[in-house]
Undergrad: 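Pasting a structure below so you can have a look.
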Amino acid sequence: RQPRLAPAATGRIELLAPYNREEAVRELDGFSHIWVVFVFHDTKRETWKPTVRPPRLGGNRRVGVFASRSPERPNPIGLSLLTLDGVQTGEGRVILQVSNLDLIDGTPVLDIKPYVPYADSVAGARAGFAPWAPDSHLPVRFSDTAQQQLQQFTMQYPALEALIVQVLQQDPRPAYQDKTADSERVFGMRLYDLEIKWQLQNGVMQVLEVITQQAS
């Protein structure tokens, strides 16, 4: 839901022509973090609403859209602070390796700017209804089946187990779900080209399956 909550979420940003020039990223590798301006291209909304229900407030309270980070905006433009792990250039390609990612595959990137601590970090800043990071101490367990399936993908996705744990610790159930009660409902989410099936059981996020996503 936000960058920096799942450090194992890694990815790459590839610059396309005419921006794939080495001089366009000259000295960018001297910065540890970058601001990425992007488009919420997968939020299909023909109209916008002046208020939204942030998951942080349990989905039960409305706030102004401009007081939220909801992807449902008048203009679907997003801003994320990502960790810059490396810059690769050569043969007409420019690729930025990033982590703490909160974007999905194929997200169009509009602009990239370096994070500058003296200008971008504000001591004592107020954060309204989100003054601190969400609790991320939910225990996560893998069923025997899921653990065996996980082994099939460790070569392709070395940090897959850590990523699943970090995402589920944020409790990605719908905001309206009763957080105090267990649910028999089985949830699914996509990571890479995989489908992760999971369920809350006795206060534990239980991963049931890790399978290749079925073509629709």
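These numbers come from a predicted model, not from an experiment. Position 1 is the first residue of the sequence, and the numbers go up from there.
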Undergrad: Begin with the C-alpha distance, continue with both residues' side-chain angles, and end with the deciding distance and a verdict on side-chain contact (heavy atoms from CB on, under 4.5 Å) for Leu81 and Asp120.
TA: CA-CA 11 Å; Leu81 178 62; Asp120 297 338; over 6 Å; no

Undergrad: So if you build clusters from Ile, Leu, Val, Met, Phe, Trp, Tyr with side-chain heavy-atom gaps below 4.5 Å, do Trp132 and Leu57 land together?
TA: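 Different clusters.
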
Undergrad: Around atom CG of Asp144, are there more than 12 heavy atoms from other residues, nucleotides or ligands closer than 6.0 Å?
TA: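 Check fails, neighbour count at 12 or below.
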
Undergrad: Check whether any side-chain heavy atom of Tyr192 lies under 4.5 Å from a side-chain heavy atom of Leu160, and answer yes or no.
TA: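 SC-SC contact between Tyr192 and Leu160 confirmed.
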
Undergrad: Would you indicate whether the side-chain heavy atoms of Met189 and Leu168 approach each other to under 4.5 Å?
TA: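 Yes, side chains in contact.
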
Undergrad: Please walk me through it: do Phe153 and Thr212 pass side-chain contact (heavy atoms from CB on, under 4.5 Å)?
TA: CA-CA 10 Å; Phe153 306 107; Thr212 302; 3.8 Å; yes

Undergrad: Testing the basics here: between Phe38 and Leu79, what is the closest heavy-atom pair and its distance to 0.1 Å?
TA: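 Looks like CE2-N, 3.4 Å.
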
Undergrad: Using 0.5 Å steps for rounding, measure from the CG atom of Leu138 to the CD atom of Gln170.
TA: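 The CG atom of Leu138 sits 9.0 Å away from the CD atom of Gln170.
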
Undergrad: With rounding to the nearest 0.5 angstrom, report the OG1 to CG distance, Thr107 to Leu101.
TA: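 If I round to the nearest 0.5 Å, the distance is 8.0 Å.
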
Undergrad: In Å and rounded to the nearest 0.5 Å, what is the CD to OG distance from Gln199 to Ser143?
TA: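 Separation between the atoms: 10.5 Å.
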
Undergrad: Does some side-chain heavy atom of Leu82 sit less than 4.5 Å from a side-chain heavy atom of Asp102?
TA: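 SC-SC contact between Asp102 and Leu82 confirmed.
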
Undergrad: Quick one: closest heavy-atom pair of Gly64 and Val52, and the distance?
TA: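 What the structure gives for the nearest pair is O-CG2, 4.5 Å.
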
Undergrad: Hey, what do you get for NZ (Lys49) to CZ (Arg73), rounding to the nearest 0.5 Å?
TA: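 Nearest 0.5 Å value for the NZ-CZ distance: 15.0 Å.
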
Undergrad: In chain order, what residues pass the salt bridge (charged side-chain N to carboxylate O under 4.0 Å, His left out) check against Asp105, with sequence neighbours excluded?
TA: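 Salt bridge (charged side-chain N to carboxylate O under 4.0 Å, His left out) check on Asp105 returns nothing, list empty.
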
Undergrad: Between atom CH2 of Trp198 and atom CD of Glu209, what is the distance when rounded to the nearest 0.5 Å?
TA: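 Here the rounded value is 14.5 Å.
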
Undergrad: Is any side-chain heavy atom of Gln169 closer than 4.5 Å to one of Val140?
TA: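 Sidechains of Gln169 and Val140: in contact.
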
Undergrad: May I ask you to decide if the ring planes of Phe66 and Trp48 are parallel, tilted or perpendicular, using 30° and 60° as cut-offs?
TA: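 Geometry flag for Trp48 against Phe66: tilted rings.
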
Undergrad: Walk me through whether Arg21 and Glu23 qualify under salt bridge (charged side-chain N to carboxylate O under 4.0 Å, His left out).
TA: CA-CA 5 Å; Arg21 299 176 58 171; Glu23 59 265 39; 2.6 Å; yes

Undergrad: Looking at Phe129, I'd like to know if its CZ atom is crowded, meaning that more than 12 non-hydrogen atoms belonging to other residues, nucleotides or ligands lie closer than 6.0 Å.
TA: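 More than 12 heavy atoms, drawn from other residues, nucleotides or ligands, come within 6.0 Å of this atom.
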
Undergrad: How close do Asp85 and Val98 get, heavy atom to heavy atom, and via which atoms?
TA: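 So the minimum-distance heavy-atom pair works out to OD2-C, 3.4 Å.
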
Undergrad: Treating Ile, Leu, Val, Met, Phe, Trp and Tyr as nodes and any side-chain heavy-atom pair under 4.5 angstrom as an edge, say whether Ile112 and Val39 lie in one connected cluster.
TA: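 No, it is not one cluster - the side chains of Ile112 and Val39 are not joined through contacts under 4.5 Å.
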
Undergrad: Could you report the tightest heavy-atom contact between Ile13 and Val109, atom names first, then the distance?
TA: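 Distance-wise, the nearest heavy atoms are CG2-CG2, 4.1 Å.
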
Undergrad: Do Arg69 and Pro54 have side-chain heavy atoms sitting under 4.5 Å apart?
TA: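 Arg69 does not reach Pro54 side chain to side chain.
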
Undergrad: Out of curiosity, Asn100 CG to Gln166 CD, how far, rounded to the nearest 0.5 Å?
TA: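 So the CG of Asn100 and the CD of Gln166 are separated by 8.5 Å.
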
Undergrad: Do Leu191 and Tyr157 make a side-chain contact, defined as non-hydrogen atoms from C-beta onward lying under 4.5 Å apart?
TA: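 Side chain of Leu191 against side chain of Tyr157, heavy atoms only: no contact under 4.5 Å found.
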
Undergrad: Please walk me through it: do Val167 and Ile196 pass side-chain contact (heavy atoms from CB on, under 4.5 Å)?
TA: CA-CA 11 Å; Val167 171; Ile196 317 299; over 6 Å; no

Undergrad: Are Trp35 and Val37 connected in the hydrophobic side-chain network, where two residues link if heavy atoms are under 4.5 Å apart?
TA: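 Yes, it is one cluster - the side chains of Trp35 and Val37 are joined through contacts under 4.5 Å.
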
Undergrad: Report yes if the side chains of Gln97 and Thr10 come closer than 4.5 Å at any heavy-atom pair, otherwise no.
TA: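 A side-chain contact under 4.5 Å is absent here.
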
Undergrad: Shortest non-hydrogen contact from Val63 to Ser68?
TA: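 Of all heavy-atom pairs spanning Val63 and Ser68, the closest is CG2-CB, 4.2 Å.
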
Undergrad: Report yes or no: do Val25 and Leu84 belong to one cluster of Ile/Leu/Val/Met/Phe/Trp/Tyr joined by side chain heavy-atom distances under 4.5 Å?
TA: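 In one cluster: yes.
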
Undergrad: More than 12 foreign heavy atoms under 6.0 Å from CD of Gln151: is that the case here?
TA: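 Yes, because the 6.0 Å sphere around CD of Gln151 holds more than 12 heavy atoms from other groups.
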
Undergrad: With heavy-atom distances below 4.5 Å as the criterion, would you say the side chains of Met205 and Val165 are in contact?
TA: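 A side-chain contact under 4.5 Å is absent here.
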
Undergrad: Do Ile34 and Val87 belong to the same hydrophobic cluster, where Ile, Leu, Val, Met, Phe, Trp and Tyr are linked whenever their side-chain heavy atoms lie under 4.5 Å apart, directly or via other members?
TA: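 Hydrophobic grouping puts Ile34 with Val87.
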
Undergrad: Work out which heavy atom in Phe40 is nearest to a heavy atom in Gly78; give both atom names and the distance.
TA: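 Scanning both residues, the minimum pair turns out to be CE1-CA, 3.5 Å.
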
Undergrad: Could you go through Leu150 and Val207, starting from their C-alpha distance and side-chain angles, then the distance that decides it, and tell me whether this counts as side-chain contact (heavy atoms from CB on, under 4.5 Å)?
TA: CA-CA 10 Å; Leu150 191 66; Val207 181; over 6 Å; no

